[in-house]
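A note on names: the letters A, B, ... follow the listed sequences, proteins ahead of strands, and every chain is numbered from 1.
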Number of protein chains: 2
Amino acid sequence: MDKKSYHHGELRAALIHAALDMLEQDGPDGLSLRGLARAVGVSSMAPYHHFADRAELLAAVATEGFERLQIRKQDIQAIQPSLREALAAGGANYVRFILDNPNLYRLMRSKEFSDRHRFSALHRAASAPAATLLDLMARFLDEQSLSSPSPIEGAQLLWALSHGIGTLALEGQMRADIAPDLAYQGSLAMIDGWIAGLKG
Amino acid sequence: MDKKSYHHGELRAALIHAALDMLEQDGPDGLSLRGLARAVGVSSMAPYHHFADRAELLAAVATEGFERLQIRKQDIQAIQPSLREALAAGGANYVRFILDNPNLYRLMRSKEFSDRHRFSALHRAASAPAATLLDLMARFLDEQSLSSPSPIEGAQLLWALSHGIGTLALEGQMRADIAPDLAYQGSLAMIDGWIAGLKG
DNA sequence: GTCTTAATCCTTACGATGTAAAGTTTGCAA
DNA sequence: TTGCAAACTTTACATCGTAAGGATTAAGAC
């Protein structure tokens, strides 16, 4: 932690931390490698000893984001009384996460990390929340003896709904204060549509 | 159209056109003012006589995108047998538009145009598809005598669902080939959830 | 304790970008 | 014809990502 030493010692972590701060403060365009280095008090080229390039640093930040999301997801889900409500609450929570971390979420879903080989740590972190949702969905469908939708389809639909609400709210296309509730209600409507639809 | 003249004559339109091409070809990061100027055969600073800055040019491109979307929306919607199916078909069509114009859609929804004063033309163009959907939704709710959800809420939910499916498909989180159908099925599920839910 | 080595960090340099400032060319109106 | 405004160019600067090579230091071997 002594700031005077030639070797920073915690540069990698410090950069990720500074990036998280700078991301939500100045937006994604305000985030530059040079700016980060400046903020941490290190030369422009120092970050390159910990990250091959800008994308790799951003991927590390995004990975951190997925880990935070997963923690929140698990915390919330455990409390719900029923699987139906757990699914809807998961959606609302997802929207809340998006609204709490606008630029981080945008980064997490950025297309520039699509290379699964290069950013394997990111993709591993990203798959955890997806797997949690898929599991919950499968248990719900089983409980309700529904043969349609498939677990994957159902999970994708609920996910897409919350993702859509969250990102639209982020862009000011939707009132942010009611967005989580909208996700809750919308999820319930879709779930009830599945329950009702198949009876006939 | 004579390329040698000092005055291009159609620079503004030519830039927007070139930007649309370059956008889907090289991605949003490959799109630079200088690159555009080069492609059109004009100096780096020429674009600044038609657009105050980069954002203004991009806003014009995005506006063009909303106009194209609106045209497609109207074409599709007229054919549907019922309001219920028109809503679902609208969702599938929206997803198809996203998949057909990935980078254009990303641009259209880019946060950098949130200033409603500066980009009023954009916001006007963007509100047309939204109004069309809202109208359809209101007619449907009226037809079904549903007091909940409200037209706005219902429209936002269907919109968010398709937006979510489309953007997730864009990012490779979802199979693009079945995404439009997923939007169709998901929309129907939600709609049926509204119809069924309120009866009880 | 000294030497070696590898990790960490710095300096310098290049090409690309957005855009500010000021000059040049051209079409059009008086 | 003259004059002016619009369209376009040239030049210049700050900032960015990053390539190449040099300086500093921590850690282990002897």
Side-chain angles (χ1 to χ4, degrees), chain A residues 1-19 21-23 25-62 103 106-107 110-113 115 118-119, chain B residues 1-19 21-23 25-62 103 106-107 110-113 115 118-119:
Chain A
M1 272 281 186
D2 39 11
K3 295 189 170 186
K4 302 288 185 137
S5 72
Y6 187 95
H7 281 195
H8 184 287
E10 303 272 353
L11 225 203
R12 195 193 142 93
L15 285 170
I16 295 178
H17 187 262
D21 284 356
M22 196 169 291
L23 196 58
Q25 199 157 357
D26 304 345
D29 294 348
L31 200 169
S32 68
L33 274 203
R34 293 169 104 108
L36 273 184
R38 228 176 292 135
V40 173
V42 103
S43 85
S44 308
M45 286 302 291
Y48 283 89
H49 290 272
H50 299 274
F51 304 97
D53 56 14
R54 191 186 131 98
E56 221 169 70
L57 200 176
L58 295 183
V61 174
N103 295 323
R106 270 190 266 261
L107 184 68
S110 165
K111 193 196 49 175
E112 66 179 312
F113 307 132
D115 185 336
R118 245 199 103 184
F119 306 106
Chain B
M1 270 281 185
D2 39 11
K3 296 191 169 186
K4 303 288 185 136
S5 74
Y6 188 95
H7 283 196
H8 184 287
E10 303 271 355
L11 224 204
R12 197 194 140 93
L15 284 170
I16 294 178
H17 187 263
D21 284 356
M22 197 169 292
L23 197 58
Q25 199 156 0
D26 305 345
D29 294 347
L31 201 169
S32 70
L33 274 202
R34 294 171 104 106
L36 274 184
R38 229 174 291 133
V40 173
V42 104
S43 83
S44 307
M45 287 303 290
Y48 282 87
H49 290 270
H50 300 273
F51 304 95
D53 56 14
R54 189 186 132 97
E56 221 169 69
L57 200 175
L58 294 183
V61 174
N103 295 321
R106 271 190 265 261
L107 184 68
S110 166
K111 192 196 51 176
E112 67 180 312
F113 307 132
D115 185 336
R118 244 198 105 183
F119 306 107

Starting the side chain at C-beta, find the nucleotide from [options] nearest to [X].
X	options	result
A/Met45	C/dT11, D/dC8, C/dT8	C/dT11
B/Leu33	C/dC9, C/dG18, D/dC8	C/dG18
A/Tyr48	D/dT18, C/dC9, D/dC8	D/dT18

Atom [atom1] of [X] to atom [atom2] of [N]: distance rounded to whole Å?
X	N	atom1	atom2	value
B/His49	C/dT19	NE2	C1'	12 Å
A/Leu15	C/dC9	CG	C1'	12 Å
A/Leu31	D/dG17	CG	C1'	13 Å
B/Phe51	D/dC8	CZ	P	11 Å
A/Asp29	C/dG18	CG	P	12 Å

Identify the two heavy atoms, one from [X] and one from [Y], that lie closest to each other, and give their separation to 0.1 Å.
X	Y	answer
A/Leu107	A/Ala62	CD2-N, 4.1 Å
B/Pro28	B/Asn103	CD-OD1, 3.5 Å
B/Arg12	B/Ala60	NH2-CB, 4.0 Å

Query raised in the report: Rounded to the nearest 0.5 Å, how far apart are CG of B/Asp29 and CG of B/Leu23?
Result: 10.0 Å
With 3.5 Å as the limit, what N/O pairs link the protein to nucleotides 13-15 of chain D?
none

Query raised in the report: At under 4.0 Å between heavy atoms, what does A/Ala46 touch on the DNA or RNA strands: base, sugar-phosphate, or nothing?
Result: sugar-phosphate
Report task. Answer with yes or no whether B/His50 presents, from its side chain, a donor or acceptor under 3.5 Å of a partner atom in the base of D/dC8. Result -> no
Requested in this report: Return the residues of residues 52-60 of chain B meeting this criterion: a heavy atom under 4.0 Å from some atom of DNA chain C. Order them by number, or give none.
Outcome: B/Asp53, B/Arg54
Give every donor-acceptor pair under 3.5 Å between a side-chain atom in residues 32-59 of chain A and any protein atom, sequence neighbours left out.
{"unit_1": "A/Ser32", "atom_1": "OG", "unit_2": "A/Gly35", "atom_2": "N", "d": "2.8"}
{"unit_1": "A/Ser43", "atom_1": "OG", "unit_2": "A/Met45", "atom_2": "N", "d": "3.4"}
{"unit_1": "A/Ser43", "atom_1": "OG", "unit_2": "A/Ala46", "atom_2": "N", "d": "3.4"}
{"unit_1": "A/Asp53", "atom_1": "OD1", "unit_2": "A/Ala55", "atom_2": "N", "d": "3.3"}
{"unit_1": "A/Asp53", "atom_1": "OD1", "unit_2": "A/Glu56", "atom_2": "N", "d": "3.1"}
{"unit_1": "A/Asp53", "atom_1": "OD1", "unit_2": "A/Arg118", "atom_2": "NH2", "d": "2.9"}
{"unit_1": "A/Asp53", "atom_1": "OD2", "unit_2": "A/Arg118", "atom_2": "NH2", "d": "3.1"}
{"unit_1": "A/Arg54", "atom_1": "NH1", "unit_2": "A/Leu31", "atom_2": "O", "d": "2.8"}
{"unit_1": "A/Glu56", "atom_1": "OE1", "unit_2": "A/Ala52", "atom_2": "N", "d": "2.9"}

